[in-house]
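What follows is a set of notes on a single structure, which appears directly below.
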Amino acid sequence: MADRGDRRDMSVIRAEALRKTFGGGAVVAVDDADFTVREGEFISLVGPSGCGKSTLLRMVAGLLDRSAGTLSIHGRDVTGPNPAVAMMFQKPTLLDWRTAIENVLLPSEIGGRVTDDDRRKAMGLLRLAGLEDFAFSFPSQLSGGMQQRVALARLLQTGADILLLDEPFGALDEFTREHLNVELMRIVGEVGATTLFVTHNIGEAIFLADRVFVMTPRPGRIAGIVEVPFERPRRPSLQQSAEFNALVSKVRATFETETTAGEDA
Amino acid sequence: MADRGDRRDMSVIRAEALRKTFGGGAVVAVDDADFTVREGEFISLVGPSGCGKSTLLRMVAGLLDRSAGTLSIHGRDVTGPNPAVAMMFQKPTLLDWRTAIENVLLPSEIGGRVTDDDRRKAMGLLRLAGLEDFAFSFPSQLSGGMQQRVALARLLQTGADILLLDEPFGALDEFTREHLNVELMRIVGEVGATTLFVTHNIGEAIFLADRVFVMTPRPGRIAGIVEVPFERPRRPSLQQSAEFNALVSKVRATFETETTAGEDA
Amino acid sequence: QDTTTINAVMPKQRSANYFPLIVGEALGYFEEEGIEVNLLPSDTPIPFVNFLRNGQADIAMLDSAEVLQAIAAGVDLNVIYEVMQTAPDGIAISGDSSITDVEELAGETVGLVSDRDRVTMQIALDARGMTEDDVTTVVVGEAGPTLAAAFRDQTVAAIAGSGPDWLAIQANGIPVKLITPEEVSNKPGNTFAVMASTLEEKGDAIEGYLRAWSKGMYVAEVDPEVVAQIARTAVPEEWEDPEFGQQYLNNAIRLNVSVTETLGGLNTETWSAIQPGMQKFGLIDEQVEPDRFLQPGPVEAANDFDRAEVEEEVAAWREANM
Amino acid sequence: MSDEGDLGAVAAKGRTRGIVARHAGILVALVAAWEISCRMGWLDPLFFPYPSAILLGFWRLYITQGNIWPHLGLTMLEVLVGFLAGSALGIALAVCVGMSDRLRRYLKPYVVVLEATPRIAIGPVIIAAFGFGWTSKTAIVMLVCFFAPFVNTLNGIVGVEPEKQSMFRSMGASKVQTFTKLLWPSALPEISAGLRLAMASALGGALVAEFIASNAGLGVLITQYTGTLNMASAFVCVLTLSALGYFIFRGMEELDRIVVFWSDGDRTDAMSRRRKAAWRAKMGTTS
Amino acid sequence: MGHLAIRLVPVIKHLLVFAGLIALWELAAATGVIDVILLPEPHKIAASIWELYVENRTIYRHFIITFYEAFAGFLVGGVLGLALAVGSSLNDSFRRYVSPYAILLNVTPGLALTPIVIAWFGFGYSSKIALGAIVCFFPVFVNTLLALTRTDEDTLEMFRSMGASRAQVFWKLRVPAALPMIFAGFKIAITTALVGAVVAEFSQATAGIGVLMQRLSFSLNMSAAIAALLSMSLLGLILFSLIEILDDRVVFWRRTERMDAVGRRRRARWSVTDAATPGEPQGRKNLT
Ligand SMILES: Nc1ncnc2c1ncn2[C@@H]1O[C@H](COP(=O)(O)OP(=O)(O)OP(=O)(O)O)[C@@H](O)[C@H]1O
Ligand SMILES: Nc1ncnc2c1ncn2[C@@H]1O[C@H](COP(=O)(O)OP(=O)(O)OP(=O)(O)O)[C@@H](O)[C@H]1O
Ligand SMILES: [Mg+2]
Ligand SMILES: [Mg+2]
């Protein structure tokens with residue numbers, strides 16, 4: 001690669017001393033977060049419930065104004081939603097009155113007129129998600145996992161190169177989840193998108209990520225960053241390896257020093 | 001132990017060629033299941049979504065009539081709900097208008113008059129669940145994990161010696177879930193109950209069980225039974241051990257030969 | 001020529017009750033005057049006078065209490081025609097009742113067709129030296145069946161109301177007797193009233209309206225059968241039971257046809273006589289000179305038609321239609 | 001607002017022939033009991049005319065005289081226009097209010113007060129204000145039809161999941177797009193329930209308006225008949241109203257099933273097939 | 001103090017908006033945009049309110065009468081609706097035979113029924129109560145029926161697994177679970193009952209706010225008539241609030257403060273001789 005400018009060019013998301021408070025400063029949701037995400041990187045964000053993961057993501061998506069600090073995407077200050085950034089939520093948030101394909105086409109519709117190219121792309125994404133046969137089913141006719149895959153296809157239909165995923169598979173059973181993780185990794189790899197992925201599940205976080213950001217409970221700080229050295233493509237069996245388990249233990253440790261064991265939020 | 005009668009005495013639940021169909025035979029939910037559960041044993045039941053785990057449990061609870069085969073508990077044929085069997089569901093199903101302690105007392109109320117002994121027992125169970133301080137809180141004032149612990153206390157209040165749990169912690173985040181698993185194991189061990197535990201999570205299944213039953217997708221058959229050799233009491237760190245991971249791989253293998261990868265119901 | 005629309009507010013829709021209107025329309029009398037009548041039937045609790053004031057209506061059929069209240073409230077109202085001279089307010093009892101005089105009502109329950117008939121009852125009682133406290137009152141409402149049942153079953157000893165209220169009941173064969181004291185019967189009947197300003201602006205049309213009305217009224221004197229035939233086509237609803245229809249019409253004719261020399265003639269004396277009673281019972285604050293609101297001019301114009309011509313027309317119509 | 005639709009659905013579920021027969025049996029028995037009661041003098045024919053007389057009345061009003069038709073037509077017109085205008089206004093206002101928090105805050109007290117006022121009592125005031133023409137009658141029906149759609153639409157719009165709204169924002173959707181593609185369809189089931197409630201009361205509103213001031217309409221016919229103590233014919237009008245109301249109610253339920261197709265499994269399947277065919281037809285020609 | 005000031009700000013804003021609207025109305029009346037004969041100016045209405053409520057106090061009697069009619073109508077209609085809904089929820093064929101007639105009764109305008117109702121119940125208050133009951137029956141019936149039949153399947157299964165009897169399921173599960181929706185029905189019903197009472201008063205009554213309003217408007221006292229109309233709104237608000245307060249008490253498990261209060265009371269009543277009653281939780285654990 002040519003040395004165009006300095007390394008900064010490579011960083012897609014940059015946050016410095018990022019801070020978000022609610023209720024006039026009463027609740028500090030995110031405190032003093034510093035991080036950069038490089039182009040094409042896959043970042044997992046883990047932390048206990050209520051530590052500010054969603055808040056952080058929503059700031060990056062431009063859905064929430066920050067209280068202090070700087071936050072830029074592709075070097076430009078974040079002031080509102082940005083077509084280069086797309087977000088996926090824990091719940092599939094599909095529209096009940098649209099078929100799967102129509103749901104996938106929603107971003108194109110919002111962007112302007114829907115062309116046949118958009119339609120072909122949408123169908124292709126559904127195929128990628130293994131849902132070609134269900135393109136004309138309505139959400140209520142799909143299982144939870146299928147719905148999430150539709151939502152994933154919709155996310156990719158936006159054409160955004162930065163993907164934010166907020167516990168997208170939290171509500172699914174482990175098998176479906178594992179399968180979707182593999183799919184996600186493959187698709188994201190193909191598209192070459194930069195990804196921020198929030199999860200509760202440490203194994204999942206490590207399995208998917210290039211780096212894992214561990215957050216502390218209120219006020220949410222980024223307490224540690226764990227590099228994941230495994231080669232890609234990764235196979236599910238990786239999760240039974242000793243190295244993998246060592247890494248899980250390491251993240252867990254970063255975690256448990258911060259969290260009082262076993263208290264639920 | 002004295003050799004009272006033959007081994008049959010030890011088996012609490014016996015199923016032979018058990019079968020359940022829905023829709024006049026159109027859907028075979030459980031097919032030809034054969035198994036026995038011994039006194040005080042902890043069985044985990046894993047299998048993909050829709051394979052018939054819940055159906056199996058509901059037959060054992062006497063909530064659903066079987067279509068064919070035999071099913072007996074303590075040697076007696078199952079024909080309906082049985083006070084020796086108690087069931088817990090994925091949702092806590094607490095009554096919103098009752099305080100935690102009143103929810104725990106529900107089984108006693110349904111059984112007849114509530115005595116002071118019942119009250120003492122209920123309070124004791126809440127203490128066991130770490131919820132003594134919340135005895136007079138209402139469900140909506142409790143977190144999801146706390147609600148599940150109340151449901152667990154209610155389950156034990158029934159005094160049943162056979163406990164059926166259908167993905168009781170499926171809706172909780174991993175940390176809470178892990179904590180409750182340890183609690184469950186401890187409490188069940190203390191009470192000495194025979195337990196059938198349904199889960200999606202293989203790690204959890206192995207961690208808790210004496211034996212793991214693996215089911216195949218439609219028609220639901222018991223494809224394999226995996227013995228779990230680990231000593232009790234077990235500690236969470238067990239899950240990082242190599243033996244544990246080997247066992248996970250083994251269960252997963254039983255599984256993957258049966259399941260077409262990643263298809264959800 | 002172009003026609004003028006007269007908006008007329010009256011308590012009910014077209015009916016044998018207003019046969020001069022339907023006869024006048026059938027025989028083309030209104031048309032001859034270049035008038036089209038737009039009937040605005042409205043429930044009595046609505047203050048008709050307000051519609052005269054804001055110009056939504058040109059002419060209203062009012063009872064004497066309404067007229068006096070409006071005058072008292074400072075409305076520049078003119079009474080120009082007495083429509084139903086023999087339909088004054090009164091006290092009625094069931095035909096089977098043994099009561100013969102208002103005196104005997106002491107301690108009984110007296111029904112009021114509507115809250116406004118209270119004054120009628122008060123004046124009637126006053127004529128016998130009694131007050132409202134000597135009886136129990138209950139409003140029975142204007143709905144036909146309830147009123148009829150009240151008569152038939154004698155759930156109340158007597159009912160205060162006005163002539164048209166008993167029309168249907170009598171026609172249905174439920175006997176009704178009147179025990180109205182003299183003092184009350186001397187009340188003016190229903191009148192046509194207009195705003196003074198309307199009379200200035202649309203005087204001709206109003207006079208034409210009254211003339212057509214008078215001619216319609218006169219037809220009943222000439223040939224009641226023609227009226228019946230006209231009513232039958234105009235309001236078939238009232239003739240589903242022909243016997244009832246005829247009875248009903250007969251009663252209506254009795255109430256409508258003027259007893260004064262001129263059709264619709266105004267009677268200054270009754271307007272003075274009625275006022276002390278109304279003042280006593282608080283309906284009006286002070287008495288008003290009848291000359292201030294009685295406007296006899298239009299009555300003259302209304303009677304200005306050739307009766308022989310009407311008789312001929314009726315005969316011709318009979319020839320053609322019966 | 002309660003969702004009355006489900007009750008109808010409950011009733012509709014059992015629409016097999018046997019049940020219809022049994023219902024008819026019960027109805028005949030009731031009518032017979034009524035007739036006998038009248039003949040035995042237990043019921044007062046002044047208030048409960050002979051069923052046989054009512055039947056004859058139907059024959060008379062609908063066939064031989066045929067005089068009910070114009071009145072029926074006018075009442076239905078008033079109901080229709082008032083309902084359409086009132087619910088359109090209610091929905092439109094709710095949309096404005098639903099999109100603006102501030103407007104909602106300031107409007108709420110007035111809505112609460114108006115809602116607590118018996119609408120019928122405002123009838124005479126409206127006639128007084130709007131005069132005798134069709135406007136006043138339409139205005140009364142409108143007023144009666146305004147609230148249920150207003151309240152339900154507002155609830156529907158305000159109740160849209162915040163996550164879905166965030167999703168639209170993150171896609172950079174405009175206010176109009178958010179409304180047409182998210183808020184409106186999400187609120188549709190509730191709006192439809194509100195419309196059903198409004199329709200049920202529209203009939204009552206028209207009747208009141210006609211009672212107060214009118215030349216024609218079923219309300220006028222009823223006053224005319226009760227005024228002349230022709231109770232059998234009056235009952236024909238009332239029963240006509242009931243039947244009208246019943247069919248409108250059922251019709252609205254049917255409409256709900258069509259519009260809110262995604263809450264019904266069979267309809268969803270059908271719609272799914274239709275969309276697929278449409279896609280095939282379109283994409284087949286272009287690619 | 002500063003806290004109070006903050007809470008007052010919205011109130012003041014509302015009052016300002018209100019004052020602005022009134023001023024606009026006055027202006028419209030002064031410039032003739034609004035016909036003051038039909039819709040008098042606010043200050044005249046205010047004067048009439050003063051007169052009705054303070055000077056000659058004629059309104060209270062009517063107010064109380066209509067209140068009584070509407071409330072009694074609500075009670076009768078509510079009990080009827082509840083009873084039929086319970087019957088329908090327990091027995092399918094009962095429901096099938098009852099619901100078409102219930103719908104029919106609902107879609108028949110109450111006004112058309114007044115003569116019949118008066119015939120049966122006479123000229124007194126009972127006919128107003130009866131009409132109120134007839135028109136308010138349906139919302140209670142529908143909501144109760146839906147609520148009783150739509151009990152959460154999982155909870156139902158839990159009761160069955162405990163071997164609960166039908167009566168136990170009904171009293172311990174179906175009824176309390178249905179309460180919030182039943183009260184929603186009550187809230188609709190009580191204003192409907194007021195409408196019924198007023199309608200009956202319009203067509204036949206000796207006293208009541210409906211009568212008062214007719215009397216006032218007939219004597220061309222439009223400002224007082226509108227004051228009476230506003231009193232009807234007030235009456236509606238009072239009736240509605242009564243149900244709302246009751247709702248808040250009975251369905252206490254929706255609001256944290258009420259739950260805390262009830263929880264404390266139940267803790268105090270907890271009577272087990274030797275088990276020490278646990279104290280207040282030290283430092284509330286953080287709940288989300
Ligand atoms: N709109 C808001 N107003 C006030 N407080 C808020 C708001 N949104 C979030 N918070 C608070 O900010 C903190 C962080 O919330 P956030 O949703 O980011 O947590 P999270 O890490 O995503 O949790 P979870 O894993 O449960 O989704 C919490 O304490 C929450 O109560
Ligand atoms: N009442 C019913 N009527 C018809 N089919 C049913 C019924 N209950 C379950 N089934 C079918 O039986 C099969 C097994 O269902 P079951 O609920 O036992 O699965 P499960 O293993 O518990 O799934 P999950 O993990 O999603 O809870 C499924 O295919 C389901 O569709
Ligand atoms: Mg979150
Ligand atoms: Mg299950």
Side-chain angles (χ1 to χ4, degrees), chain B residues 54 57-58 61-64 80-83 85-102 106-111 115-124 126-127 131-144 146 151 154-155 157-158 160 164 166, chain E residues 151-180 249-288:
Chain B
S54 299
L57 238 63
R58 297 174 62 207
L63 294 172
L64 211 60
N82 177 339
V85 182
M87 183 149 172
M88 179 168 168
F89 300 86
Q90 175 156 15
K91 280 193 288 174
T93 62
L94 298 181
L95 305 182
D96 288 334
W97 50 90
R98 285 168 172 255
T99 58
I101 186 85
E102 288 163 352
L106 186 67
S108 310
E109 264 181 51
I110 284 174
T115 64
D116 273 2
D117 275 346
D118 291 329
R119 294 205 183 85
R120 266 189 293 273
K121 179 178 174 193
M123 194 56 92
L126 275 182
R127 192 176 307 126
L131 286 174
E132 206 183 356
D133 289 347
F134 294 90
F136 295 94
S137 296
F138 288 88
S140 61
Q141 298 175 300
L142 302 175
S143 77
M146 290 159 126
R154 182 180 62 191
L155 181 78
Q157 176 81 7
T158 57
L164 311 176
D166 194 355
Chain E
T151 316
D152 180 52
E153 283 297 325
D154 292 337
T155 316
L156 213 59
E157 191 150 72
M158 178 199 71
F159 267 75
R160 285 216 291 136
S161 81
M162 289 180 186
S165 66
R166 260 176 83 102
Q168 282 174 326
V169 169
F170 183 76
W171 288 113
K172 290 184 195 294
L173 175 59
R174 287 195 195 274
V175 169
L179 278 177
R249 294 258 139 186
V250 174
V251 191
F252 61 84
W253 56 92
R254 277 175 315 198
R255 271 188 41 220
T256 324
E257 303 93 85
R258 301 275 328 132
M259 278 191 291
D260 285 341
V262 174
R264 268 198 304 280
R265 214 172 316 139
R266 298 214 178 153
R267 183 196 305 279
R269 256 190 295 149
W270 180 255
S271 60
V272 177
T273 29
D274 66 351
T277 307
E280 284 279 330
Q282 308 90 342
R284 266 250 178 279
K285 298 255 163 71
N286 209 318
L287 307 177
T288 328

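Note that this is a predicted model, so its numbers are computed, not measured. Atoms considered below: every heavy atom in the structure, side chains included; atoms not considered: hydrogens, waters and symmetry mates. Sequence lines set the chain letters: A, B, ... in the order given, protein chains first and strands last, and positions in each chain run from 1.
- In this structure, chain E has heavy atoms under 4.5 Å from both the backbone and the side chain of B:L63.
- When the candidates E:S161, E:G263, E:P176, E:G163 are compared by the number of heavy-atom contacts under 4.5 Å with chain B, E:P176 comes out ahead.
- Note: B:I110 CD1 to E:R160 CZ = 13.0 Å, rounded to the nearest 0.5 Å.
- The choice from B:P81, B:P83, B:G62, B:A61 that makes the most heavy-atom pairs within less than 4.5 Å of chain E is B:P81.
- For chain E, the option among B:T158, B:L94, B:D96, B:D117 with the highest count of heavy-atom pairs below 4.5 Å is B:D96.
- With respect to B:K121 and B:D118, no salt bridge is recorded, no charged nitrogen being found less than 4.0 Å from a carboxylate O.
- For E:D154, the parts sitting under 4.5 Å from any heavy atom of chain B are the backbone and the side chain alike.
- In this structure, no portion of E:L179 lies under 4.5 Å from any heavy atom of chain B.
- Put simply, the side chain of B:R154 gets close to the backbone of B:P92: a donor and an acceptor are under 3.5 Å apart.
- Going from atom CD of B:E109 over to atom CD of E:Q168 covers 8.5 Å, rounded to the nearest 0.5 Å.
- Atom CZ in B:F136 sits 13.0 Å away from atom CZ in E:R264 (nearest 0.5 Å).
- Across all their heavy atoms, B:R98 and E:R266 have their closest contact at CA-NH1, 4.3 Å.
- Residue B:I101 touches chain E through its side chain alone, counting heavy-atom pairs closer than 4.5 Å.
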